Amino acid sequence: MTLLSDLINLNLSDTTEKIIAEYIWIGGSGMDLRSKARTLSGPVNDPAKLPKWNYDGSSTGQAPGEDSEVILYPQAIFRDPFRRGNNILVMCDAYTPAGEPISTNKRHSAAQIFSHPDVVAEEPWYGIEQEYTLLQKDVNWPMGWPAGGYPGPQGPYYCGVGADKAFGRDIVDSHYKACLYAGINISGVNGEVMPGQWEFQVGPAVGISAGDELWVARYILERITEIAGVVLSFDPKPIQGDWNGAGAHTNYSTKSMRNDGGFEVIKKAIEKLGLRHKEHISAYGEGNERRLTGKHETADINTFKWGVANRGASVRVGRDTEKAGKGYFEDRRPASNMDPYVVTSMIAQTTILMKN
Amino acid sequence: MSLLNDLINLDLSETTEKTIVEYIWIGGSGMDLRSKARTISGPITDPAQLPKWNYDGSSTGQAPGEDSEVILHPQAIFPDPFRRGNHILVICDTYTPAGEPIPTNKRYNAAKTFSHPDVVAEEPWYGIEQEYTLLQKDVKWPLGWPVGGFPGPQGPYYCAIGADKAFGRDIVDAHYKACLYAGINISGINGEVMPGQWEYQVGPSVGISAGDQVWVSRYILERITEIAGVVVSFDPKPIPGDWNGAGAHTNYSTKSMRSDGGYEVIKAAIDKLGLKHKEHIAAYGEGNERRLTGRHETADINTFLWGVANRGASIRVGRDTEKAGKGYFEDRRPASNMDPYVVTSMIAETTILWKP
């Protein structure tokens with residue numbers, strides 16, 4: 001296949017000014033990423049300078065066949081780690097031809113919340129810990145697990161090394177570098193408690209960019225697993241029984257929380273979250289009830305509790321934050337298949353905009 | 001394979017002025033591409049600098065054995081993405097030694113249509129959406145499909161990513177860059193509704209160059225699948241049943257359609273196409289009746305129907321065009337195995353030259 005790679009890796013900047021832009025959007029299930037590419041006449045670094053586009057919404061469950069056009073609005077640009085050169089990835093959201101966000105477009109209302117002056121003033125930062133599981137392609141069983149059986153119980157795998165403990169590191173490491181190349185604020189990776197499960201963190205990112213960066217990081221991850229011939233799962237409880245689920249813990253702070261006296265602001269914010277526990281839970285990802293059992297480092301889905309350094313809580317505050325009297329907290333409730341536009345904006349809305 | 005690649009990728013420009021020219025033509029079936037190479041001294045910048053050549057027509061079903069020479073007239077050159085350096089591809093058409101176009105030479109009449117003064121004045125633009133299916137080499141079953149079985153139903157595959165949804169992206173991405181390198185006006189790519197099926201678009205191209213560019217892009221595609229060990233099919237309905245077919249939707253506009261008031265010109269053109277529906281269908285590709293069923297985003301082969309944003313129509317007008325009052329329209333009838341010389345010139349002839 002060497003000749004094929006010669007072509008894939010052609011550096012076109014010697015022969016043409018043209019660049020390739022891959023437009024990315026979220027499909028009808030709210031979790032399926034879709035993309036297609038177009039040629040532009042020269043390099044672009046401002047999404048406002050990119051043309052709107054459209055796609056066949058009847059093929060993604062987002063429009064009927066006789067009125068199938070859904071419009072793509074470019075929102076954020078990242079460097080394309082696959083095509084490199086001046087080629088780009090573009091995160092978009094989806095609208096009707098009349099200019100209304102379609103029902104699966106969660107970015108639109110998140111952007112409205114993030115442009116509310118009270119929210120802007122508080123400069124909300126997010127650090128999202130995205131967990132995911134790698135599955136063998138033809139059997140849908142986790143990577144590294146024996147077909148028809150199970151590996152030894154959890155214990156040796158968290159941050160483990162070795163062919164008998166860490167499965168798929170190539171994917172994780174290439175994803176790390178690809179995201180850094182793309183300009184995504186990826187702050188770390190680690191192997192997770194369940195073998196075949198990994199985590200990466202994106203942040204701190206301000207406001208709407210947290211959602212954009214996480215979605216593009218997910219896109220890059222699935223493109224990489226595609227190359228590796230492995231299936232990516234964001235299911236919150238991929239294997240029943242004594243195996244950890246997969247979450248998307250969301251770390252959060254506002255300007256007030258990061259300043260002196262911030263610990264009191266944090267406690268008030270956590271109380272407000274407690275009052276809206278049910279509403280948040282229903283927006284924190286499908287199937288989360290299989291994960292939030294009160295075991296495996298989760299709090300039960302019907303309970304709201306918080307604590308310092310408590311991984312069995314719904315919201316955890318780090319010892320550093322308690323000690324410094326300011327900092328951030330971690331909402332541990334969101335599932336790995338949560339929509340970061342929904343979760344980040346809802347936390348901002350509840351803690352900043354909602355008045356008791 | 002290291003030594004072989006070293007040789008294939010030898011940069012000859014340091015050692016010689018000679019150029020390798022790959023002459024490409026269409027064989028006796030009207031869809032089989034053929035090519036052979038020759039050495040020419042010095043770099044070539046214009047097809048007029050290239051000598052005519054000939055080939056054995058009795059080996060391609062285009063001449064009898066006792067009078068087998070068919071003459072190649074060079075028509076358009078493109079940088080060779082496989083040999084790179086100064087080497088080129090040249091698309092040719094085919095003539096008897098007496099200088100008459102042979103019956104399978106569809107370019108000749110298309111070129112006459114495109115040089116008619118009324119057609120030249122209207123500057124016809126074409127954007128062709130070429131769909132194709134990738135097949136596993138030894139079993140002739142689509143790439144990524146389980147041997148002896150079927151993948152899950154259509155839904156997840158359109159513009160999708162992931163090892164379980166996108167099959168053959170290497171080929172598609174290598175083709176995209178190779179075409180850009182070759183100076184082909186490739187405007188985009190996307191994964192199609194049927195798994196293992198893809199699409200690329202060539203355009204906007206003016207007049208005869210649309211046909212030249214589509215044929216050379218098909219040549220490059222089949223050279224790439226050859227490297228990848230995969231078979232490319234342009235069959236319009238490769239798998240019967242609830243699986244989309246493959247088309248070559250042809251987007252079209254004239255100067256009048258692109259100018260103010262163009263929408264009326266578009267409607268008048270569509271009416272003319274409706275009056276010649278049967279003639280066009282007969283020239284729009286073999287086997288199209290298996291594809292144009294009225295289902296799977298097609299209009300029934302015996303029906304002529306047009307609509308705005310309607311993917312179930314014979315002709316679709318985009319919402320942008322309706323809104324702006326000018327633009328272009330999409331003839332969705334041509335099959336993936338259509339001859340672009342025939343289709344483009346026929347559309348120009350019916351809409352510009354024909355008075356009903």
Side-chain angles (χ1 to χ4, degrees), chain A residues 1-12 14-16 18-21 23-25 27-29 32-39 52-56 58-61 63 65-69 71 82-83 85 87 97-98 135 137-138 140 219 222-223 225-232, chain B residues 1-2 4-5 8-9 79 81-82 84 146 154-167 169-178 180-183 185-193 199 201 220 224 227-229 244 297 307-313 316 318-320 322-323:
Chain A
M1 293 297 152
T2 317
L3 287 176
L4 206 60
S5 340
D6 291 340
L7 294 171
I8 292 176
N9 293 330
L10 266 177
N11 183 356
L12 294 170
D14 305 324
T15 50
T16 176
K18 292 179 176 180
I19 64 143
I20 302 172
Y23 280 52
I24 301 166
W25 72 95
S29 76
D32 55 315
L33 281 159
R34 309 272 182 161
S35 77
K36 57 175 180 160
R38 70 187 296 183
T39 308
K52 291 189 169 77
W53 204 8
N54 65 78
Y55 67 94
D56 174 9
S58 68
S59 289
T60 58
E66 49 309 338
D67 188 10
S68 61
E69 277 176 36
I71 316 302
F82 306 101
R83 296 193 178 104
N87 304 307
L135 306 177
K137 185 163 88 85
D138 295 325
N140 269 3
Y219 175 84
E222 192 156 22
R223 285 286 306 271
T225 53
E226 179 186 316
I227 292 169
V230 159
V231 169
L232 174 63
Chain B
M1 292 295 152
S2 265
L4 208 57
N5 288 332
I8 291 175
N9 292 331
F82 305 100
R84 298 186 286 282
Q154 296 184 151
Y157 312 107
Y158 171 74
C159 297
I161 59 176
D164 50 345
K165 292 172 291 249
F167 310 125
R169 189 189 298 275
D170 267 2
I171 289 165
V172 183
D173 276 351
H175 180 249
Y176 201 163
K177 282 196 176 181
L180 283 174
Y181 179 95
N185 206 350
I186 179 167
S187 45
I189 56 166
N190 62 272
E192 268 303 328
V193 176
E199 170 182 313
Q201 306 98 32
I220 292 174
I224 286 174
I227 293 171
N244 274 30
E297 300 169 275
V308 176
N310 185 353
R311 283 180 156 81
R316 163 173 157 262
R319 287 212 173 282
D320 288 352
E322 184 191 37
K323 201 165 163 189

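The chains referred to below are lettered A, B, ... by the order of the sequence lines, with proteins before strands, and numbering in each begins at 1. Because the structure is predicted, anything quoted here is derived from the model rather than measured.
Taking the side chain as every heavy atom from C-beta outward, A/Leu7 and B/Arg84 approach each other to under 4.5 Å.
Counting heavy-atom pairs closer than 4.5 Å to chain B, the top residue among A/Asp56, A/Thr60, A/Asn54, A/Ile227 is A/Asp56. The most heavy-atom pairs under 4.5 Å with chain A, out of B/Lys323, B/Arg316, B/Arg319, come from B/Arg319. When A/Asp67, A/Val231, A/Thr16, A/Ile24 are compared by the number of non-hydrogen pairs under 4.5 Å with chain B, A/Asp67 comes out ahead. The candidate with the highest count of non-hydrogen atom pairs below 4.5 Å against chain B, out of A/Glu222, A/Lys18, A/Lys137, is A/Glu222. Heavy-atom pairs under 4.5 Å with chain A peak, among B/Asp170, B/Ile186, B/Val193, B/Val308, at B/Asp170. If you tally non-hydrogen atom pairs under 4.5 Å between each of B/Ala166, B/Pro146, B/Gly307 and chain A, the highest count goes to B/Ala166. Interface remark: of the candidates B/Asn185, B/Leu180, B/Ile171, B/Leu180 forms the most heavy-atom pairs closer than 4.5 Å to chain A. In terms of heavy-atom pairs under 4.5 angstrom with chain A, the leader among B/Cys159, B/Gly155, B/Ala160, B/Pro156 is B/Cys159.
Using a 4.5 Å cut-off between heavy atoms, A/Ser68 contacts chain B through both its backbone and its side chain. For chain B, the nearby parts of A/Tyr219 are the backbone and the side chain; heavy atoms of each come within less than 4.5 Å.
A distance of 12.0 Å separates NE2 in B/His175 from CG in A/Leu4, rounded to the nearest 0.5 Å. The structure places CG of B/Asp320 at 6.5 Å from CD of A/Glu69, a figure rounded to the nearest 0.5 Å. Distance CG/A/Leu10 to CG/B/Asp173: 11.5 Å, rounded to 0.5 Å. One finds the OG atom of A/Ser35 at 9.0 Å from the CG atom of B/Asn190 (value rounded to the nearest 0.5 Å). A distance of 6.5 Å separates CG of B/Asn5 from CG of A/Asp6, quoted to the nearest 0.5 Å. Interatomic distance, NZ of B/Lys165 versus CG of A/Leu33, reported as 8.5 Å (0.5 Å rounding).
Under the rule for a ring-ring contact (aromatic ring centres under 6.0 Å, His included), B/Phe167 has no partner lying at least two apart in sequence or in another chain. A search for ring-ring contact (aromatic ring centres under 6.0 Å, His included) contacts involving A/Tyr23 returns A/Trp53, not counting sequence neighbours.
Considering all non-hydrogen atoms of both residues, A/Asn9 and B/Lys177 come closest at C-NZ, 4.0 Å. Considering every non-hydrogen atom in both A/Arg83 and B/Tyr176, the closest pair reads NH2-CD1, 4.0 Å. When all heavy atoms are compared, the tightest approach of A/Thr225 to B/Ala163 is O-CB, 3.9 Å. Taking both residues in full, the closest heavy atoms of A/Lys36 and B/Ile189 are given as CB-O, 3.4 Å, listed atom of the first, atom of the second, then distance. Between B/Glu297 and A/Ser58 the shortest heavy-atom distance is OE2-OG, 3.8 Å.
The closest side-chain donor-acceptor pair between A/Ser59 and B/Tyr157, if any, does not fall under 3.5 angstrom.
Remark: side-chain polar atoms of A/Arg223 are not paired, donor with acceptor, to backbone N or O of B/Ile161 under 3.5 angstrom.
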